[in-house]
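Everything on this sheet refers to the single structure shown next.
We name chains A, B, ... by the order of the sequence lines, and we start the count at 1 in each one.
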Amino acid sequence: MKLRTMWRHIIESLRSIKRNGWMTFAAVSAVTVTLFIVGALFTIIFNVNNISKQIEKDVKVRVEIDVKTSRNKENTLRKEISKISGVKKVSFSSKKNELDKITKTYNSNFKMFSGDANPLSDVFIVETTSPSKTIKVAKEIRQLDNVKTAQYGGEQAKKLFKFMSEVQLWGTICIVILIAIALFLISNVIRLTILSRKNEIQAMRLVGATSWYIRWPFLLEGAETGILGSIIPIIVINWGYSVVYQQTVNGLMNAGYSLFTPGMFLFRIDLLLIVLAIIIGSLGSLVSMRRFLKI
Amino acid sequence: MIELKNVVKKYPNGITALKGIDLTIDQGEFVYIVGASGSGKSTLIKTLYREEKVTSGIIKVNEYDLVRMKDRRVPYLRRELGVVFQDYRLLPRLTAYENVAYAMEVIEKRPEEIKSRVIEVLEMVGLKDKIRRYPSELSGGEQQRVAIARAITNKPSVLIADEPTGNLDPDTSNEIMEIIERINQQNTTVIMATHNQSIVNNYVHRVITIKHGRLVSDQEKGAYRYEA
(Lines give C-alpha, C1' and ligand atoms only; values in the text may rest on other atoms or scores of the structure.)
Protein backbone atom coordinates (compact mmCIF):
# COMPACT_ATOMS: atom_id res chain seq x y z
CA MET A 1 0.00 0.00 0.00
CA LYS A 2 1.15 3.49 -0.76
CA LEU A 3 2.08 5.77 2.11
CA ARG A 4 -0.37 8.38 0.85
CA THR A 5 -3.17 5.82 0.95
CA MET A 6 -2.31 4.77 4.50
CA TRP A 7 -2.36 8.39 5.55
CA ARG A 8 -5.78 8.80 3.98
CA HIS A 9 -7.11 5.79 5.86
CA ILE A 10 -5.75 7.07 9.16
CA ILE A 11 -7.35 10.51 8.69
CA GLU A 12 -10.62 8.86 7.72
CA SER A 13 -10.60 6.57 10.76
CA LEU A 14 -9.79 9.38 13.19
CA ARG A 15 -12.56 11.47 11.70
CA SER A 16 -15.12 8.78 12.37
CA ILE A 17 -13.83 8.14 15.90
CA LYS A 18 -14.68 11.77 16.54
CA ARG A 19 -18.00 11.52 14.73
CA ASN A 20 -19.13 8.50 16.76
CA GLY A 21 -18.64 10.45 19.99
CA TRP A 22 -20.40 8.74 22.84
CA MET A 23 -20.36 5.32 21.26
CA THR A 24 -16.60 5.58 20.92
CA PHE A 25 -16.42 6.68 24.53
CA ALA A 26 -18.36 3.61 25.66
CA ALA A 27 -16.14 1.29 23.65
CA VAL A 28 -12.98 2.99 24.89
CA SER A 29 -14.21 2.68 28.49
CA ALA A 30 -14.89 -1.01 28.05
CA VAL A 31 -11.37 -1.53 26.73
CA THR A 32 -10.00 0.57 29.61
CA VAL A 33 -11.67 -1.55 32.28
CA THR A 34 -10.70 -4.79 30.54
CA LEU A 35 -7.08 -3.83 30.11
CA PHE A 36 -6.81 -2.52 33.63
CA ILE A 37 -7.88 -5.85 35.08
CA VAL A 38 -5.81 -7.81 32.58
CA GLY A 39 -2.76 -5.68 33.37
CA ALA A 40 -3.15 -5.90 37.11
CA LEU A 41 -3.71 -9.63 36.94
CA PHE A 42 -0.68 -10.16 34.72
CA THR A 43 1.63 -8.17 37.00
CA ILE A 44 0.40 -10.14 40.01
CA ILE A 45 0.58 -13.55 38.36
CA PHE A 46 4.03 -12.98 36.87
CA ASN A 47 5.42 -11.81 40.18
CA VAL A 48 3.84 -14.56 42.22
CA ASN A 49 5.18 -17.17 39.82
CA ASN A 50 8.57 -15.58 40.10
CA ILE A 51 8.53 -15.59 43.89
CA SER A 52 7.19 -19.12 43.97
CA LYS A 53 10.17 -20.21 41.94
CA GLN A 54 12.48 -18.40 44.30
CA ILE A 55 10.82 -20.14 47.24
CA GLU A 56 11.01 -23.53 45.58
CA LYS A 57 14.69 -23.12 44.91
CA ASP A 58 15.16 -22.41 48.57
CA VAL A 59 16.35 -25.82 49.70
CA LYS A 60 16.62 -24.88 53.33
CA VAL A 61 14.65 -26.23 56.25
CA ARG A 62 14.33 -23.84 59.12
CA VAL A 63 14.31 -25.60 62.47
CA GLU A 64 13.23 -23.63 65.52
CA ILE A 65 14.49 -25.10 68.76
CA ASP A 66 12.41 -25.19 71.93
CA VAL A 67 13.27 -22.19 74.09
CA LYS A 68 14.16 -24.24 77.18
CA THR A 69 16.66 -26.49 75.42
CA SER A 70 20.18 -26.44 76.85
CA ARG A 71 23.32 -25.95 74.81
CA ASN A 72 24.27 -29.60 75.26
CA LYS A 73 20.96 -30.83 73.97
CA GLU A 74 21.17 -28.42 71.08
CA ASN A 75 24.47 -29.96 70.08
CA THR A 76 22.99 -33.45 70.27
CA LEU A 77 20.13 -32.29 68.10
CA ARG A 78 22.56 -30.84 65.61
CA LYS A 79 24.36 -34.18 65.34
CA GLU A 80 21.09 -36.04 64.93
CA ILE A 81 20.02 -33.70 62.14
CA SER A 82 23.35 -34.09 60.36
CA LYS A 83 22.83 -37.84 60.23
CA ILE A 84 19.57 -37.63 58.30
CA SER A 85 20.11 -38.59 54.66
CA GLY A 86 19.83 -35.67 52.25
CA VAL A 87 21.18 -33.13 54.70
CA LYS A 88 24.07 -31.16 53.28
CA LYS A 89 24.87 -28.63 55.93
CA VAL A 90 23.53 -27.50 59.28
CA SER A 91 24.23 -23.96 60.48
CA PHE A 92 23.26 -22.32 63.74
CA SER A 93 21.68 -18.93 64.23
CA SER A 94 21.17 -17.72 67.78
CA LYS A 95 17.97 -15.96 68.80
CA LYS A 96 19.91 -12.74 69.15
CA ASN A 97 21.02 -13.10 65.57
CA GLU A 98 17.41 -13.76 64.48
CA LEU A 99 16.22 -10.64 66.29
CA ASP A 100 18.93 -8.55 64.61
CA LYS A 101 17.64 -9.71 61.22
CA ILE A 102 14.12 -8.63 62.07
CA THR A 103 15.27 -5.32 63.48
CA LYS A 104 17.18 -4.65 60.27
CA THR A 105 14.24 -5.58 58.05
CA TYR A 106 11.59 -3.65 59.87
CA ASN A 107 12.68 -1.03 62.32
CA SER A 108 14.53 -0.46 65.54
CA ASN A 109 11.35 -0.63 67.67
CA PHE A 110 12.01 -4.33 67.94
CA LYS A 111 15.16 -3.58 69.89
CA MET A 112 13.19 -3.54 73.10
CA PHE A 113 12.93 -7.31 72.80
CA SER A 114 16.68 -7.75 73.07
CA GLY A 115 18.31 -9.69 75.87
CA ASP A 116 16.00 -11.79 78.04
CA ALA A 117 12.91 -10.28 76.52
CA ASN A 118 13.72 -11.86 73.17
CA PRO A 119 10.75 -14.10 72.34
CA LEU A 120 12.47 -15.87 69.47
CA SER A 121 14.11 -19.29 69.41
CA ASP A 122 17.56 -20.41 68.41
CA VAL A 123 17.43 -21.75 64.89
CA PHE A 124 19.17 -24.39 62.81
CA ILE A 125 19.24 -23.69 59.12
CA VAL A 126 19.41 -27.08 57.41
CA GLU A 127 20.45 -27.17 53.78
CA THR A 128 19.44 -30.22 51.79
CA THR A 129 21.13 -31.73 48.77
CA SER A 130 18.14 -31.10 46.52
CA PRO A 131 14.79 -29.27 46.69
CA SER A 132 12.86 -32.53 46.56
CA LYS A 133 14.51 -33.70 49.80
CA THR A 134 13.26 -30.78 51.88
CA ILE A 135 9.84 -32.29 52.61
CA LYS A 136 11.28 -35.60 53.82
CA VAL A 137 14.02 -33.96 55.85
CA ALA A 138 11.60 -31.55 57.52
CA LYS A 139 9.29 -34.44 58.46
CA GLU A 140 12.11 -36.40 60.03
CA ILE A 141 13.37 -33.41 61.97
CA ARG A 142 9.91 -32.86 63.42
CA GLN A 143 10.14 -36.32 65.02
CA LEU A 144 13.23 -35.31 67.00
CA ASP A 145 13.23 -34.00 70.58
CA ASN A 146 13.42 -30.30 71.43
CA VAL A 147 12.21 -29.22 67.99
CA LYS A 148 9.51 -26.56 68.00
CA THR A 149 8.92 -26.35 64.26
CA ALA A 150 10.59 -27.38 61.02
CA GLN A 151 9.46 -25.41 58.01
CA TYR A 152 10.50 -25.55 54.42
CA GLY A 153 9.91 -23.08 51.59
CA GLY A 154 8.04 -25.55 49.45
CA GLU A 155 5.12 -25.54 51.83
CA GLN A 156 4.54 -21.82 51.41
CA ALA A 157 5.01 -22.18 47.68
CA LYS A 158 2.30 -24.82 47.52
CA LYS A 159 -0.18 -22.68 49.39
CA LEU A 160 0.72 -19.74 47.23
CA PHE A 161 0.20 -21.80 44.08
CA LYS A 162 -3.19 -22.97 45.23
CA PHE A 163 -4.26 -19.44 45.95
CA MET A 164 -2.88 -18.22 42.65
CA SER A 165 -4.61 -20.85 40.57
CA GLU A 166 -7.83 -19.60 42.10
CA VAL A 167 -6.95 -16.00 41.30
CA GLN A 168 -6.04 -17.07 37.77
CA LEU A 169 -9.33 -18.88 37.25
CA TRP A 170 -11.54 -16.02 38.38
CA GLY A 171 -9.32 -13.50 36.68
CA THR A 172 -9.59 -15.36 33.41
CA ILE A 173 -13.37 -15.55 33.69
CA CYS A 174 -13.51 -11.80 34.31
CA ILE A 175 -11.21 -11.12 31.39
CA VAL A 176 -13.23 -13.26 28.99
CA ILE A 177 -16.48 -11.52 29.95
CA LEU A 178 -14.90 -8.08 29.72
CA ILE A 179 -13.29 -8.82 26.36
CA ALA A 180 -16.68 -9.98 25.08
CA ILE A 181 -18.27 -6.72 26.22
CA ALA A 182 -15.46 -4.68 24.68
CA LEU A 183 -15.78 -6.59 21.39
CA PHE A 184 -19.53 -6.06 21.36
CA LEU A 185 -19.21 -2.32 21.93
CA ILE A 186 -16.45 -1.85 19.40
CA SER A 187 -18.29 -3.81 16.75
CA ASN A 188 -21.33 -1.60 17.34
CA VAL A 189 -19.26 1.54 16.86
CA ILE A 190 -17.86 0.17 13.62
CA ARG A 191 -21.34 -0.80 12.49
CA LEU A 192 -22.41 2.83 12.95
CA THR A 193 -19.46 3.95 10.88
CA ILE A 194 -20.24 1.48 8.14
CA LEU A 195 -23.86 2.64 8.01
CA SER A 196 -22.94 6.31 7.98
CA ARG A 197 -20.49 5.72 5.15
CA LYS A 198 -22.84 3.56 3.10
CA ASN A 199 -22.87 5.92 0.13
CA GLU A 200 -19.13 6.25 0.07
CA ILE A 201 -18.69 2.50 0.23
CA GLN A 202 -21.09 2.12 -2.67
CA ALA A 203 -19.18 4.72 -4.69
CA MET A 204 -15.86 3.07 -3.87
CA ARG A 205 -17.11 -0.33 -4.96
CA LEU A 206 -18.42 1.03 -8.24
CA VAL A 207 -15.18 2.61 -9.30
CA GLY A 208 -13.21 -0.48 -8.37
CA ALA A 209 -11.63 0.19 -4.98
CA THR A 210 -10.19 -3.07 -3.67
CA SER A 211 -11.95 -4.65 -0.73
CA TRP A 212 -8.98 -3.98 1.53
CA TYR A 213 -8.95 -0.37 0.51
CA ILE A 214 -12.53 -0.18 1.76
CA ARG A 215 -11.86 -2.19 4.91
CA TRP A 216 -8.73 -0.46 6.16
CA PRO A 217 -10.39 2.62 7.73
CA PHE A 218 -12.74 0.40 9.75
CA LEU A 219 -9.93 -1.82 10.93
CA LEU A 220 -7.91 1.24 11.91
CA GLU A 221 -10.84 2.78 13.73
CA GLY A 222 -11.19 -0.39 15.81
CA ALA A 223 -7.48 -0.52 16.55
CA GLU A 224 -7.39 3.16 17.46
CA THR A 225 -10.36 2.70 19.79
CA GLY A 226 -8.38 -0.07 21.46
CA ILE A 227 -5.26 2.05 21.76
CA LEU A 228 -7.25 4.92 23.27
CA GLY A 229 -8.58 2.45 25.81
CA SER A 230 -5.09 1.30 26.76
CA ILE A 231 -3.78 4.72 27.81
CA ILE A 232 -5.31 4.94 31.28
CA PRO A 233 -4.58 1.33 32.33
CA ILE A 234 -0.97 1.71 31.25
CA ILE A 235 -0.50 4.92 33.24
CA VAL A 236 -2.20 3.53 36.35
CA ILE A 237 -0.39 0.20 36.26
CA ASN A 238 3.01 1.80 35.71
CA TRP A 239 2.48 4.19 38.56
CA GLY A 240 0.89 1.62 40.89
CA TYR A 241 3.54 -1.01 40.30
CA SER A 242 6.37 1.44 40.91
CA VAL A 243 4.79 2.48 44.20
CA VAL A 244 4.23 -1.11 45.33
CA TYR A 245 7.76 -2.01 44.31
CA GLN A 246 9.28 0.87 46.28
CA GLN A 247 7.28 -0.01 49.37
CA THR A 248 8.12 -3.69 49.40
CA VAL A 249 11.59 -3.88 47.93
CA ASN A 250 13.49 -3.73 51.25
CA GLY A 251 11.31 -6.17 53.14
CA LEU A 252 11.34 -8.74 50.38
CA MET A 253 15.04 -8.33 49.76
CA ASN A 254 15.83 -9.26 53.36
CA ALA A 255 13.60 -12.30 53.13
CA GLY A 256 15.65 -13.27 50.10
CA TYR A 257 12.97 -12.64 47.49
CA SER A 258 12.45 -9.97 44.88
CA LEU A 259 9.75 -8.60 42.58
CA PHE A 260 10.62 -7.84 38.96
CA THR A 261 12.34 -4.47 38.77
CA PRO A 262 9.91 -1.96 37.22
CA GLY A 263 11.90 -0.84 34.13
CA MET A 264 12.00 -3.80 31.77
CA PHE A 265 9.08 -5.59 33.38
CA LEU A 266 6.69 -2.64 32.99
CA PHE A 267 7.88 -2.11 29.44
CA ARG A 268 6.84 -5.68 28.63
CA ILE A 269 3.49 -5.33 30.40
CA ASP A 270 2.80 -2.07 28.52
CA LEU A 271 3.66 -3.70 25.22
CA LEU A 272 1.41 -6.62 26.05
CA LEU A 273 -1.48 -4.29 26.88
CA ILE A 274 -1.09 -2.26 23.69
CA VAL A 275 -0.94 -5.38 21.53
CA LEU A 276 -3.98 -6.76 23.32
CA ALA A 277 -5.82 -3.45 22.81
CA ILE A 278 -5.08 -3.49 19.09
CA ILE A 279 -6.18 -7.12 18.79
CA ILE A 280 -9.45 -6.48 20.65
CA GLY A 281 -10.15 -3.38 18.54
CA SER A 282 -9.40 -5.00 15.21
CA LEU A 283 -11.36 -8.10 16.11
CA GLY A 284 -14.36 -5.95 17.04
CA SER A 285 -14.28 -4.22 13.68
CA LEU A 286 -13.82 -7.50 11.80
CA VAL A 287 -17.01 -8.78 13.41
CA SER A 288 -18.96 -5.80 12.07
CA MET A 289 -17.29 -5.86 8.68
CA ARG A 290 -18.28 -9.47 8.17
CA ARG A 291 -21.88 -8.75 8.99
CA PHE A 292 -22.48 -5.31 7.54
CA LEU A 293 -19.90 -4.62 4.89
CA LYS A 294 -20.83 -6.09 1.55
CA ILE A 295 -17.96 -5.59 -0.81
CA MET B 1 -16.24 -7.11 -26.11
CA ILE B 2 -19.13 -8.37 -24.03
CA GLU B 3 -20.54 -11.83 -24.43
CA LEU B 4 -23.52 -13.47 -22.71
CA LYS B 5 -24.55 -17.08 -23.29
CA ASN B 6 -27.72 -18.57 -21.87
CA VAL B 7 -27.57 -16.35 -18.80
CA VAL B 8 -30.06 -17.33 -16.10
CA LYS B 9 -30.57 -15.43 -12.88
CA LYS B 10 -32.76 -16.75 -10.10
CA TYR B 11 -33.10 -14.66 -6.98
CA PRO B 12 -33.22 -16.38 -3.60
CA ASN B 13 -36.89 -15.41 -3.28
CA GLY B 14 -37.68 -17.71 -6.20
CA ILE B 15 -38.16 -15.10 -8.91
CA THR B 16 -36.34 -15.87 -12.13
CA ALA B 17 -35.35 -12.49 -13.52
CA LEU B 18 -33.34 -13.72 -16.50
CA LYS B 19 -34.41 -16.84 -18.35
CA GLY B 20 -31.57 -17.47 -20.75
CA ILE B 21 -30.11 -14.37 -22.40
CA ASP B 22 -27.74 -14.60 -25.37
CA LEU B 23 -26.07 -11.38 -26.41
CA THR B 24 -22.85 -10.13 -27.94
CA ILE B 25 -21.77 -6.50 -27.84
CA ASP B 26 -18.66 -5.36 -29.73
CA GLN B 27 -16.21 -2.78 -28.47
CA GLY B 28 -17.43 0.74 -29.29
CA GLU B 29 -21.08 -0.21 -29.84
CA PHE B 30 -24.01 1.77 -28.46
CA VAL B 31 -26.79 -0.47 -27.18
CA TYR B 32 -30.13 0.46 -25.66
CA ILE B 33 -31.78 -2.05 -23.37
CA VAL B 34 -35.50 -1.44 -23.19
CA GLY B 35 -38.32 -3.21 -21.43
CA ALA B 36 -41.05 -2.71 -18.87
CA SER B 37 -40.36 -2.39 -15.17
CA GLY B 38 -39.75 -5.88 -13.83
CA SER B 39 -38.74 -7.22 -17.27
CA GLY B 40 -35.27 -8.04 -15.99
CA LYS B 41 -33.31 -5.23 -17.63
CA SER B 42 -31.98 -3.88 -14.35
CA THR B 43 -30.90 -7.37 -13.38
CA LEU B 44 -29.17 -7.75 -16.71
CA ILE B 45 -27.32 -4.46 -16.16
CA LYS B 46 -26.31 -5.52 -12.66
CA THR B 47 -24.86 -8.81 -13.83
CA LEU B 48 -22.58 -6.89 -16.22
CA TYR B 49 -20.67 -5.18 -13.42
CA ARG B 50 -21.12 -8.19 -11.19
CA GLU B 51 -23.34 -6.54 -8.65
CA GLU B 52 -25.33 -9.74 -9.08
CA LYS B 53 -23.88 -13.17 -9.74
CA VAL B 54 -25.71 -15.24 -12.35
CA THR B 55 -27.22 -18.62 -11.56
CA SER B 56 -25.96 -20.25 -14.76
CA GLY B 57 -24.60 -19.34 -18.16
CA ILE B 58 -21.53 -17.48 -19.35
CA ILE B 59 -20.72 -13.77 -19.12
CA LYS B 60 -17.50 -12.33 -20.44
CA VAL B 61 -16.51 -8.67 -20.30
CA ASN B 62 -13.21 -8.02 -22.08
CA GLU B 63 -10.85 -10.63 -20.66
CA TYR B 64 -12.92 -11.20 -17.50
CA ASP B 65 -15.02 -14.31 -17.00
CA LEU B 66 -17.66 -12.97 -14.63
CA VAL B 67 -19.01 -16.38 -13.68
CA ARG B 68 -15.74 -17.96 -12.70
CA MET B 69 -13.81 -14.96 -11.44
CA LYS B 70 -12.84 -14.70 -7.81
CA ASP B 71 -14.43 -11.96 -5.69
CA ARG B 72 -11.14 -10.25 -5.09
CA ARG B 73 -10.72 -9.70 -8.84
CA VAL B 74 -14.05 -7.86 -9.11
CA PRO B 75 -12.57 -4.41 -8.33
CA TYR B 76 -10.30 -4.74 -11.35
CA LEU B 77 -13.25 -5.62 -13.60
CA ARG B 78 -15.06 -2.53 -12.32
CA ARG B 79 -12.14 -0.32 -13.25
CA GLU B 80 -12.89 -1.17 -16.87
CA LEU B 81 -16.53 -0.18 -16.45
CA GLY B 82 -18.11 3.17 -15.70
CA VAL B 83 -21.56 3.06 -14.15
CA VAL B 84 -24.18 5.81 -14.07
CA PHE B 85 -27.55 5.68 -12.30
CA GLN B 86 -30.88 7.44 -12.46
CA ASP B 87 -30.33 8.91 -8.98
CA TYR B 88 -26.71 10.10 -9.66
CA ARG B 89 -25.34 8.69 -6.38
CA LEU B 90 -22.86 11.47 -5.74
CA LEU B 91 -21.29 11.97 -2.32
CA PRO B 92 -23.15 14.97 -0.85
CA ARG B 93 -20.29 16.21 1.31
CA LEU B 94 -17.85 16.42 -1.58
CA THR B 95 -17.72 19.07 -4.30
CA ALA B 96 -18.11 18.19 -7.98
CA TYR B 97 -14.34 18.18 -8.33
CA GLU B 98 -13.88 16.01 -5.23
CA ASN B 99 -16.55 13.56 -6.31
CA VAL B 100 -14.73 12.89 -9.56
CA ALA B 101 -11.29 12.93 -7.94
CA TYR B 102 -12.55 10.43 -5.35
CA ALA B 103 -12.96 7.79 -8.05
CA MET B 104 -9.30 8.14 -8.95
CA GLU B 105 -8.04 8.41 -5.39
CA VAL B 106 -9.59 5.15 -4.27
CA ILE B 107 -7.75 3.26 -6.98
CA GLU B 108 -4.57 5.03 -5.89
CA LYS B 109 -3.76 7.21 -8.89
CA ARG B 110 -1.01 9.81 -8.53
CA PRO B 111 -2.20 13.24 -7.31
CA GLU B 112 -0.77 15.07 -10.36
CA GLU B 113 -2.54 12.68 -12.69
CA ILE B 114 -5.80 13.08 -10.76
CA LYS B 115 -5.79 16.85 -10.95
CA SER B 116 -5.33 17.18 -14.68
CA ARG B 117 -7.67 14.31 -15.52
CA VAL B 118 -10.51 15.53 -13.26
CA ILE B 119 -10.43 18.98 -14.82
CA GLU B 120 -10.32 17.41 -18.26
CA VAL B 121 -13.44 15.26 -17.73
CA LEU B 122 -15.38 18.02 -15.96
CA GLU B 123 -14.60 20.27 -18.92
CA MET B 124 -15.77 17.53 -21.26
CA VAL B 125 -19.19 17.35 -19.56
CA GLY B 126 -19.39 21.17 -19.56
CA LEU B 127 -18.99 21.85 -15.86
CA LYS B 128 -15.62 23.54 -15.86
CA ASP B 129 -16.93 26.64 -14.07
CA LYS B 130 -18.83 24.70 -11.41
CA ILE B 131 -16.17 22.35 -10.10
CA ARG B 132 -16.25 23.83 -6.58
CA ARG B 133 -20.02 23.39 -6.19
CA TYR B 134 -21.57 20.77 -3.92
CA PRO B 135 -24.20 18.40 -5.40
CA SER B 136 -26.96 20.28 -3.54
CA GLU B 137 -25.95 23.43 -5.39
CA LEU B 138 -26.28 21.78 -8.79
CA SER B 139 -29.35 21.02 -10.92
CA GLY B 140 -30.34 17.42 -11.65
CA GLY B 141 -28.79 17.57 -15.11
CA GLU B 142 -25.58 19.01 -13.71
CA GLN B 143 -25.43 16.32 -11.03
CA GLN B 144 -25.83 13.65 -13.67
CA ARG B 145 -22.96 15.22 -15.64
CA VAL B 146 -20.77 14.99 -12.55
CA ALA B 147 -21.81 11.35 -12.22
CA ILE B 148 -20.88 10.72 -15.86
CA ALA B 149 -17.56 12.51 -15.38
CA ARG B 150 -16.90 10.27 -12.40
CA ALA B 151 -17.81 7.17 -14.39
CA ILE B 152 -15.42 7.94 -17.25
CA THR B 153 -12.55 9.51 -15.36
CA ASN B 154 -10.68 6.21 -15.08
CA LYS B 155 -11.07 5.68 -18.85
CA PRO B 156 -13.30 2.62 -18.76
CA SER B 157 -13.85 0.68 -21.96
CA VAL B 158 -17.57 0.34 -21.20
CA LEU B 159 -20.06 2.89 -19.90
CA ILE B 160 -23.11 1.33 -18.27
CA ALA B 161 -26.03 3.69 -17.71
CA ASP B 162 -29.16 2.59 -15.88
CA GLU B 163 -31.88 5.05 -16.90
CA PRO B 164 -29.57 8.06 -16.78
CA THR B 165 -32.30 10.44 -17.94
CA GLY B 166 -35.03 8.97 -15.76
CA ASN B 167 -35.21 12.01 -13.47
CA LEU B 168 -34.58 14.70 -16.08
CA ASP B 169 -36.72 16.88 -18.33
CA PRO B 170 -36.51 16.40 -22.14
CA ASP B 171 -34.08 19.26 -22.83
CA THR B 172 -31.71 18.22 -20.07
CA SER B 173 -32.05 14.60 -21.18
CA ASN B 174 -30.88 15.61 -24.65
CA GLU B 175 -27.87 17.39 -23.18
CA ILE B 176 -26.96 14.23 -21.26
CA MET B 177 -27.40 12.18 -24.44
CA GLU B 178 -25.06 14.49 -26.35
CA ILE B 179 -22.40 13.83 -23.73
CA ILE B 180 -22.95 10.07 -23.83
CA GLU B 181 -22.81 10.17 -27.65
CA ARG B 182 -19.48 11.96 -27.46
CA ILE B 183 -18.13 9.35 -25.07
CA ASN B 184 -19.29 6.61 -27.43
CA GLN B 185 -17.53 8.29 -30.34
CA GLN B 186 -14.24 7.81 -28.47
CA ASN B 187 -14.73 4.05 -28.89
CA THR B 188 -16.25 3.52 -25.44
CA THR B 189 -18.97 0.89 -25.49
CA VAL B 190 -22.24 2.31 -24.14
CA ILE B 191 -24.94 0.11 -22.65
CA MET B 192 -27.96 2.10 -21.61
CA ALA B 193 -31.18 0.90 -20.02
CA THR B 194 -33.99 3.32 -20.68
CA HIS B 195 -37.73 3.93 -20.75
CA ASN B 196 -37.38 7.07 -22.77
CA GLN B 197 -39.00 6.51 -26.15
CA SER B 198 -38.02 9.80 -27.76
CA ILE B 199 -34.36 9.33 -26.88
CA VAL B 200 -34.29 5.90 -28.46
CA ASN B 201 -35.96 7.29 -31.56
CA ASN B 202 -33.81 10.43 -31.81
CA TYR B 203 -30.42 8.94 -31.07
CA VAL B 204 -30.66 5.85 -33.21
CA HIS B 205 -28.64 2.81 -32.13
CA ARG B 206 -28.98 -0.90 -31.62
CA VAL B 207 -32.01 -1.72 -29.45
CA ILE B 208 -32.40 -4.84 -27.33
CA THR B 209 -35.82 -5.53 -25.87
CA ILE B 210 -36.25 -7.62 -22.75
CA LYS B 211 -39.60 -9.09 -21.75
CA HIS B 212 -40.24 -11.43 -18.83
CA GLY B 213 -36.56 -12.20 -18.56
CA ARG B 214 -36.14 -13.05 -22.25
CA LEU B 215 -34.55 -11.19 -25.10
CA VAL B 216 -37.45 -10.66 -27.50
CA SER B 217 -35.89 -8.43 -30.14
CA ASP B 218 -32.45 -7.19 -31.15
CA GLN B 219 -32.36 -4.59 -33.92
CA GLU B 220 -29.53 -2.64 -35.48
CA LYS B 221 -30.67 0.98 -35.78
CA GLY B 222 -33.88 0.09 -34.00
CA ALA B 223 -36.68 2.18 -32.64
CA TYR B 224 -38.58 1.96 -29.43
CA ARG B 225 -41.07 -0.81 -30.01
CA TYR B 226 -42.02 -2.15 -26.66
CA GLU B 227 -45.65 -1.66 -25.82
CA ALA B 228 -46.35 -0.50 -22.29
Side-chain angles (χ1 to χ4, degrees), chain A residues 1-21 23-24 189-222 224 282 285-295, chain B residues 45-46 48-53 61 64 70-85 87-94 98-114 118 121 135 146-147 149-162:
Chain A
M1 189 181 348
K2 291 176 183 172
L3 201 64
R4 189 175 60 245
T5 308
M6 199 63 210
W7 184 242
R8 218 179 130 87
H9 292 330
I10 291 172
I11 298 283
E12 186 53 57
S13 60
L14 289 174
R15 209 178 274 161
S16 80
I17 278 192
K18 207 177 137 198
R19 192 168 45 217
N20 288 334
M23 281 299 289
T24 301
V189 174
I190 302 301
R191 183 178 60 100
L192 280 185
T193 309
I194 290 173
L195 294 181
S196 75
R197 294 190 61 206
K198 219 171 131 192
N199 292 331
E200 275 175 72
I201 293 166
Q202 198 177 41
M204 283 193 269
R205 292 175 55 218
L206 276 180
V207 297
T210 57
S211 48
W212 270 106
Y213 186 96
I214 298 172
R215 285 187 188 125
W216 262 109
F218 302 112
L219 203 63
L220 284 173
E221 188 183 345
E224 284 156 9
S282 316
S285 60
L286 281 176
V287 169
S288 264
M289 283 198 282
R290 277 188 61 156
R291 291 186 50 201
F292 298 103
L293 190 59
K294 190 190 158 213
I295 291 176
Chain B
I45 292 268
K46 281 180 186 163
L48 292 178
Y49 59 97
R50 207 165 175 277
E51 178 73 19
E52 294 289 352
K53 286 186 194 177
V61 175
Y64 292 92
K70 294 204 170 83
D71 284 351
R72 62 185 170 77
R73 297 292 305 160
V74 171
Y76 302 97
L77 160 75
R78 295 206 177 130
R79 288 175 195 191
E80 304 207 3
L81 309 170
V83 190
V84 177
F85 300 94
D87 54 359
Y88 328 129
R89 301 195 188 173
L90 299 174
L91 299 176
R93 280 190 306 228
L94 301 184
E98 288 163 345
N99 262 289
V100 179
Y102 191 81
M104 298 183 77
E105 284 161 6
V106 300
I107 62 168
E108 303 185 64
K109 294 278 191 201
R110 290 200 324 277
E112 318 83 67
E113 194 184 344
I114 293 175
V118 172
V121 284
V146 177
R150 179 177 67 183
I152 61 167
T153 187
N154 289 320
K155 301 179 180 161
S157 66
V158 181
L159 179 68
I160 295 172
D162 193 355

Exercise for review: Kindly give the heavy-atom pair with the smallest separation between B:Pro75 and A:Ser211, and that separation in Å.
Suggested key: CG-N, 4.3 Å
Review point. Do any N or O atoms from the side chain of B:Arg79 and from the backbone of A:Gly208 form a donor-acceptor pair under 3.5 angstrom?
Key: yes
Practice item. Starting from the C-alpha separation in whole Å, work towards a yes-or-no answer on side-chain contact (heavy atoms from CB on, under 4.5 Å) for B:Arg72 and A:Trp212. Key: CA-CA 9 Å; B:Arg72 62 185 170 77; A:Trp212 270 106; over 6 Å; no
Practice item. Show the numbers, then the answer: is there a side-chain contact (heavy atoms from CB on, under 4.5 Å) between B:Tyr76 and A:Thr210? Key: CA-CA 8 Å; B:Tyr76 302 97; A:Thr210 57; 3.3 Å; yes
Practice item. Check whether more than 12 heavy atoms from other residues, nucleotides or ligands sit under 6.0 Å from atom CZ of A:Arg291, and answer yes or no. Key: no
Check your understanding: For B:Arg50, what residues pass the salt bridge (charged side-chain N to carboxylate O under 4.0 Å, His left out) criterion, not counting sequence neighbours?
Key -> B:Asp71
Practice item. Using side-chain contact (heavy atoms from CB on, under 4.5 Å) as the criterion, list what pairs up with B:Lys109, not counting sequence neighbours. Key: B:Met104, B:Ile107, B:Glu113, B:Ile114, B:Asn154
Check your understanding: Any Lys/Arg nitrogen of A:Glu200 or B:Arg93 sitting under 4.0 Å from an Asp/Glu carboxylate oxygen of the other?
Key -> yes
Check your understanding: Do A:Arg8 and B:Val106 pass the side-chain contact (heavy atoms from CB on, under 4.5 Å) test, and can you show the C-alpha distance, the side-chain angles, and the key distance before you say yes or no?
Key -> CA-CA 10 Å; A:Arg8 218 179 130 87; B:Val106 300; 4.3 Å; yes
Exercise for review: State whether B:Glu51 and A:Arg205 are salt-bridged, where the test is any N-O pair (Lys NZ or Arg NE/NH1/NH2 against Asp/Glu carboxylate O) under 4.0 Å.
Suggested key: yes
Review point. Top residue by heavy-atom pair count (under 4.5 Å) with chain A, among B:Arg73, B:Arg89, B:Glu80?
Key: B:Arg89
Study note, to complete from the structure: A:Ala203 and B:Arg150 have their tightest heavy-atom pair at CB-NH1, 4.0 Å
